[in-house]
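Please read these numbers as outputs of a predicted model, since none were measured by experiment. Remember, it's 1-based here, ligands and their atoms both numbered in the order they're listed.
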Amino acid sequence: MTTRRDFLKTSAGVGVGAAVGMGSAQPLLGAPAIRRSAVTPVAIASGNGLEAVSTAMQVVSEGGDTLDAVVRGVNIVERDPNDRSVGFGGLPNLDGVVQLDSSVMHGPSRGAGAVACLEGIKTPSSVAVDVMRYTDHVLLVGKGAQRFAVSMGYDIEDLLTEASRQRWIQWRARMSNTDDYLTPEETGHADAEPPFEDEDTYGLGILDSHDGVRPQGTINCNIVNSDGDLSGVTTTSGLSWKVPGRVGDSPIVGAGLYVDNDVGAAGSTGRGEAVIKTCGSHTVVEMMRAGMSPTDACLEALRRIVAFTAEPRLQNADGLPSFNVNYYAVNKNGEYGGAAIWSGARFAVSVDGEARREQSAYLYQRP
Ligand code: ASP
């Protein structure tokens with residue numbers, strides 16, 4: 001069992017843990033966070049969530065609920081046809097069908113809701129809220145999730161934009177030279193159809209994989225209000241070109257999102273399989289409960305991913321993960337942080353009336 005002295009040695013910063021450590025003679029693992037009297041509200045999101053954190057803060061500053069705040073924030077990105085990693089305009093699975101995953105957690109009521117493999121609904125995070133509020137379940141998938149959404153009044157729409165359809169057609173053509181789809185080089189249209197550049201603006205996604213750079217992306221957004229109440233949401237179109245039916249970490253409570261109103265909230269972007277195997281966001285929250293600062297908690301959860309990456313196909317020449325994972329966390333006292341396996345990632349944060357991007361901490365410098 002960790003002693004108080006061990007804890008104080010390993011705890012960094014003046015986070016929740018330090019507050020707990022100074023006032024308690026009890027063993028610290030599992031101790032609830034001590035709440036400061038005044039909390040400065042903070043919203044934190046993945047790097048594609050600058051508008052989302054601004055909107056979320058606006059909602060809580062007007063007295064709105066923390067979950068309504070983060071969902072209103074990510075709805076903007078879900079509806080944005082230009083964000084190819086979330087909602088409308090998200091890149092499709094290998095059949096060219098957009099399948100969306102999302103989960104939400106409401107700290108004060110200890111509520112959770114999620115949908116996976118949801119087709120045809122632009123705002124899966126709102127459907128996840130409805131699963132939480134209007135059913136006795138936590139997770140609905142596929143056709144059942146869609147039927148539930150329609151029953152709640154959502155419209156079924158085509159989520160594939162022309163740009164994402166073109167991107168998928170090009171992937172299909174170039175994927176293999178042993179199938180019957182001709183590459184632009186073979187059709188003589190290579191000049192007119194240069195390969196898409198898979199830029200990874202905010203370091204959200206994968207570095208490289210067995211089939212080259214694989215576009216990924218997601219939005220996670222977490223918030224704490226001035227009462228110390230927390231909520232979080234994660235929403236995504238998931239891994240591009242995925243096997244139909246594949247579910248990532250985003251709709252899995254404890255993997256792509258976890259909120260404990262006594263401690264903090266955390267969420268992830270990046271290779272979902274690695275996050276699921278290590279119960280990632282739950283691990284981050286448990287590390288904060290044990291006294292780590294949000295940034296240190298994120299780094300510790302990432303170290304577990306590195307330790308769990310045993311497959312040579314997922315390792316680079318140095319034996320390190322060839323993919324990226326990002327965590328974003330905020331604790332009940334309004335301290336926040338983000339970290340990634342590889343350097344160069346950024347997160348969005350809104351605090352003290354300003355929304356900005358900050359560099360994430362990291363385990364390894366990108367080569
Ligand atoms: N985590 C998402 C998934 O695995 C994708 C991402 O964030 O890049 O579905």
Side-chain angles (χ1 to χ4, degrees), residues 44-49 52 74 77-78 83-87 89-94 97-104 114-119 124-125 128 139 141-142 159 164 167 198-209 211-222 232-258 266-284 298 301-302 305 308-309 314 321-328 338-342 344-348 360:
I44 183 169
S46 40
N48 53 348
V74 301
V77 184
E78 289 175 322
D83 190 309
R84 59 181 191 179
S85 68
V86 178
L91 290 176
N93 66 17
L94 69 77
V97 176
V98 181
Q99 290 187 323
L100 304 176
D101 293 342
S102 180
S103 61
V104 299
V115 289
C117 281
L118 176 61
E119 295 176 16
S125 64
L139 174 60
V141 306
L159 302 186
S164 50
R167 179 72 187 81
D198 285 320
E199 84 289 347
D200 185 13
T201 316
Y202 306 114
L204 295 179
I206 208 158
L207 282 181
D208 57 289
S209 67
D211 57 358
V213 173
R214 184 88 166 266
Q216 280 189 280
T218 295
I219 182 166
N220 162 248
C221 185
N222 310 300
V233 56
T234 304
T235 177
T236 190
S237 54
L239 183 62
S240 55
W241 334 134
K242 60 193 173 185
V243 174
R246 178 261 189 189
V247 173
D249 56 326
S250 308
I252 310 287
V253 168
L257 179 71
Y258 199 66
S268 63
T269 62
R271 184 180 157 82
E273 284 73 7
V275 176
I276 293 173
K277 284 202 297 183
T278 52
C279 300
S281 296
H282 182 260
T283 299
V284 175
C298 293
L302 293 166
I305 289 180
F308 259 69
T309 305
L314 297 175
S322 57
F323 55 86
N324 210 3
V325 168
N326 295 257
Y327 287 120
Y328 316 91
I341 298 176
W342 292 100
R346 291 183 290 162
F347 62 86
S360 298

Atoms of ligand 1 under 4.0 Å from any heavy atom of T269, numbered from 1 in the order shown, are 7 (O)

Partner residues of D101 under the side-chain hydrogen bond (donor to acceptor under 3.5 Å, both in side chains) criterion, sequence neighbours left out
none

Provide the number and element of each atom of ligand 1 under 4.0 Å from a heavy atom of G238.
9 (O)

Could you say whether the N/O atoms of D249 and ligand 1 ever approach to under 3.5 Å?
yes

Could you verify whether a donor N or O on one side chain and an acceptor N or O on the other, from E78 and S125, lie under 3.5 Å apart?
yes

Which option out of G272, S268, G270, A274 puts a heavy atom nearest to atom 1 (N) of ligand 1?
G270

If you measure from atom 9 (O) of ligand 1 to every heavy atom of R246, R271, K242, which option wins on shortest distance?
R246

Check: S360/Y328 side-chain N/O donor and acceptor closer than 3.5 Å
no

Atoms of ligand 1 under 4.0 Å from any heavy atom of L239, numbered from 1 in the order shown, are 9 (O)

Determine whether the side chains of T236 and T218 contain a donor N or O and an acceptor N or O closer than 3.5 Å.
yes

Which residues satisfy the side-chain hydrogen bond (donor to acceptor under 3.5 Å, both in side chains) test with S103, sequence neighbours excluded?
none

